[in-house]
Structure formats: C-alpha cells, structure tokens
2 protein chains.
Amino acid sequence: MSLTVYKRGQLAKLTSCNSETIRYYEKINLLPEPTRGSNGYRYYNNDHLQRLGFIMKSKSLGFSNDKIRELLEISRGIGQHTRAEAKALTESHLEQVRQRISDLKKIETTLSQISHQCDGANESADHCPILLSLFDQNLAKV
Amino acid sequence: MSLTVYKRGQLAKLTSCNSETIRYYEKINLLPEPTRGSNGYRYYNNDHLQRLGFIMKSKSLGFSNDKIRELLEISRGIGQHTRAEAKALTESHLEQVRQRISDLKKIETTLSQISHQCDGANESADHCPILLSLFDQNLAKV
DNA sequence: GCTTGACTCTGTACTATCTACAGAGTTTAT
DNA sequence: ATAAACTCTGTAGATAGTACAGAGTCAAGC
C-alpha cells in the first residue's frame with residue numbers, strides 16, 4: 001500500500017545500519033536491489049526497510065550473514081519452507097553460542113589464574129609469572 | 001646452546017601451527033625472520049620454536065595478534081618493561097573476555113526464548129514465531 | 001539564479017586473521 | 001632416476017564490514 005520511498009541515508013538512519021554497509025548487503029545478496037531513479041540513486045521501499053530490520057536483529061543475535069540469508073529465504077518462500085527449518089537454524093546457532101560461552105569461560109578461568117600469580121609490580125618483567133605461563137610448554141590446554 | 005634447526009613444516013608440526021600461517025606471522029612481524037639456506041629455505045632455531053609456542057598459547061587464550069606482539073616485546077625487553085605492563089594487558093583482555101561472555105549469555109537467553117516459541121513442525125513457515133520475532137520492531141535489544 | 005553543503009554514485013583499498021592456490025624450484029625416499 | 005613431498009614467491013579468497021577519492025546531484029538560503 002504505502003508508497004513511501006527512502007534514500008540510502010534515510011534507510012541507514014531508520015535501521016541504525018551504516019549506509020556503506022547497506023551497499024555491501026546488496027552486493028552479497030542480503031538486500032534486494034532497489035529501484036533506481038534517473039539520477040542513479042537507490043530508492044528503497046517499506047519491504048527493504050523491514051528486511052534490513054530483520055537483518056539487524058538477526059545480526060544482534062549473532063547470526064552469520066549466510067544464516068541470515070537462509071532465514072530470509074525461509075521467510076520469503078511461499079510455502080516452500082517449513083517452521084522446522086527455521087527452528088533447526090536457530091537451534092544450531094544456539095548450540096554454537098553455548099559452545100562459545102563454554103570456551104570463553106575456560107579462557108576466563110585460565111586468564112584469571114595466571115593474572116593472580118603476578119603481583120603487577122612496577123619492576124622488571126624478568127620472571128613475570130604471566131609471561132612464564134605463556135612460555136610454559138605445559139600450560140593447561142584451553 | 002642447541003644448534004637444532006627446523007624447516008617450516010617441522011616448526012609447523014611441533015607447534016600445531018599451519019605452515020602458511022608461519023609465513024604470515026613473519027610478514028606481520030610476530031615471528032622474526034629466520035636465517036635462509038642457499039636454497040632460500042627458512043631455517044628456524046629453538047628461539048623461534050619457543051616464540052611460536054608462546055604465540056599459539058596466547059592465541060588459545062584469545063589475545064589478538066597486536067596484544068601478542070606487545071607481550072612478546074615485554075618478554076624480550078631487557079629490563080625495559082615491567083610486570084605491571086604484562087599484568088595490565090592481561091587484565092584488560094580478561095575484562096574483554098568477561099564482557100563477551102556477558103553479551104553471549106544475553107544472546108543465549110533470547111535465542112532460547114524465541115526457539116521455544118516455535119513448535120518446529122514440518123509445516124509452512126508462515127507465522128513462524130521465530131521469523132516473526134526477527135521481524136518484530138519491538139524484540140528486546142540484545 | 002547561484003552558491004554551498006549534504007548527499008549519492010562507482011570502484012577500490014583497508015581492517016583482522018588467516019587459508020589456499022599456482023607455478024617454479026629443491027629435497028628426500030625408493 | 002624418478003616421483004613424492006616439501007618450500008619458495010606472490011596473490012586471491014573468506015568474513016564482515018569501513019572508508020575514501022573523485023564525480024555527479026539535490027536542497028536550502030540569499
């Protein structure tokens with residue numbers, strides 16, 4: 001219905017997306033090509049606005065551009081796709097997030113340990129426990 | 001003391017570092033240039049071995065290459081650097097790790113919520129709660 | 001109507017952190 | 001001797017953008 005159009009900068013402001021990034025998303029087929037004015041300017045419609053909002057939200061949840069492209073395809077598919085696909089994508093991503101958290105927690109523990117071993121005195125870094133830990137062949141694998 | 005030398009592939013195996021990556025680390029001044037044989041081959045010594053071990057361990061703790069370069073400089077500096085510097089670098093990195101964990105936990109919560117809202121049935125993705133969430137203007141900011 | 005500033009266009013280069021490949025030369029094993 | 005495995009250089013690709021140069025366009029104020 002709405003015939004509202006937006007120039008690139010306006011779309012950028014409305015979505016908090018860098019305006020150069022909008023061009024980039026078009027290049028990698030995340031955002032469809034908008035119509036062009038006779039001046040060559042891109043003119044976006046409300047569908048672009050909604051899609052870019054979707055992209056920004058998915059990004060904030062850590063989805064990769066490839067995953068976002070898949071999610072957009074599912075949402076656009078006319079009955080071709082199922083909720084099972086959307087859920088599978090989400091669950092698989094969630095698993096990755098959990099794995100990453102688990103990895104980072106191990107890193108946090110190790111960093112915290114080696115940091116506590118160093119008094120941080122304003123003296124020569126010779127024999128600094130942190131550096132020695134990093135040189136240590138036997139530092140626990142993270 | 002030890003006059004052991006290693007070719008690139010040997011160093012790679014000993015450190016579990018990809019051999020192309022060793023070349024890359026030399027390019028970005030993370031690993032000093034080794035001596036070259038008359039055939040142009042790189043011949044590494046035990047100092048390189050130890051440094052690359054340091055790099056790999058630091059990487060496994062999530063330090064960026066720039067931070068690793070600083071840590072190496074501190075460890076190499078002849079009394080020029082202090083333990084305070086090493087500790088500050090570590091603490092600042094630890095803070096970043098904690099922040100990242102906190103961000104990921106929020107993402108995990110949101111993903112888990114929207115995933116639970118979807119039954120994942122093998123039916124049309126129309127009205128899929130996950131996709132609707134991602135299109136929703138009001139989805140809680142992560 | 002003109003000027004000025006803001007915007008947009010294209011293409012390309014840069015960030016970080018590697019990884020991989022082509023085509024040539026070298027070493028090693030059988 | 002020959003073939004496999006290794007190394008050399010330089011360059012391109014992946015991921016996810018960001019930034020800039022140089023040209024053209026639009027909008028507001030005078």
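Only heavy atoms go into these numbers, but all of them, side chains included; no hydrogens, no water, no symmetry mates.
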A:K67 NZ to D:dA14 C1', in whole Å, measures 16 Å

Specify the residues of residues 19-38 of chain B, ordered by number, for which at least one heavy atom lies under 4.0 angstrom from an atom of DNA chain C.
-> B:E20, B:T21, B:R23, B:Y24, B:Y25

Applying side-chain contact (heavy atoms from CB on, under 4.5 Å) between B:L134 and each of A:I68, A:T90, A:L61, A:I55, report the one that passes.
-> A:L61

Would you mind telling me which residue lines up with the more 5' stretch of DNA chain D, A:K7 or B:Y43, judged by nearest nucleotide?
-> B:Y43

Pairs of donor and acceptor atoms involving the side chains of residues 8-24 of chain A, under 3.5 Å and at least two apart or interchain, shall be tabulated with distances.
unit_1 : atom_1 : unit_2 : atom_2 : d
A:R8   : NH1    : A:S19  : O      : 2.7
A:Q10  : OE1    : A:K7   : N      : 2.8
A:T15  : OG1    : A:L11  : O      : 2.7
A:T15  : OG1    : A:A12  : O      : 3.4
A:T15  : OG1    : A:C17  : N      : 3.4
A:N18  : OD1    : A:E20  : N      : 2.7

Can a donor-acceptor pair be found between the side chains of B:Q99 and B:D103 at a distance below 3.5 Å?
-> yes

Distance check: side-chain N/O of B:N65 vs OP1/OP2 of C:dC18, anything under 4.0 Å?
-> yes

Looking at A:N18, does any N or O in its side chain come under 4.0 Å of the phosphate oxygens OP1/OP2 on D:dT18?
-> yes

How close do B:L111 and A:V97 get, heavy atom to heavy atom, and via which atoms?
-> CD1-CG2, 4.0 Å

Among C:dT17, D:dA16, D:dT7, the one nearest any side-chain atom of A:K59 is D:dA16

For atom CE of B:M56 and atom P of C:dT17, their distance in whole Å = 14 Å

Separation of D:dG24 atom P from A:R42 atom CZ, nearest Å, is 18 Å

Do B:L49 and A:L131 share a hydrophobic cluster (ILVMFWY, side-chain heavy atoms under 4.5 Å, transitive)?
-> yes

Check the distance between D:dA23's P and A:N39's CG and give it to me in whole angstrom.
-> 19 Å

Which atoms of nucleotides 1-4 of chain D (N or O only) lie under 3.5 Å from a protein N or O atom, and what are those distances?
none

Taking only heavy atoms on the protein side, list every residue of residues 89-97 of chain B lying under 4.0 Å from any atom of DNA chain C, sorted numerically.
-> none

d(CG, B:L52; P, C:dC18) in whole Å = 11 Å

Quantified as the angle between the terminal helix axes (five pairs each), what is the overall bend of the helix from C:dG1-D:dC30 to C:dT30-D:dA1 to 10 degrees?
-> 10°

Are B:Y41 and B:L52 co-members of a hydrophobic cluster defined by side-chain heavy atoms under 4.5 Å apart?
-> no

Go through C:dT27, D:dG24, C:dA16 for me and flag the one nearest to the B:Y41 side chain.
-> C:dT27

A:V5 meets the side-chain contact (heavy atoms from CB on, under 4.5 Å) criterion, sequence neighbours left out, with A:Y43

Could you tell me which non-hydrogen atom of A:K87 sits nearest to which non-hydrogen atom of B:S115, and how far apart they are?
-> NZ-O, 3.1 Å

Under-4.0 Å side-chain N/O to phosphate OP1/OP2 contact, A:R8 with C:dC7 = no

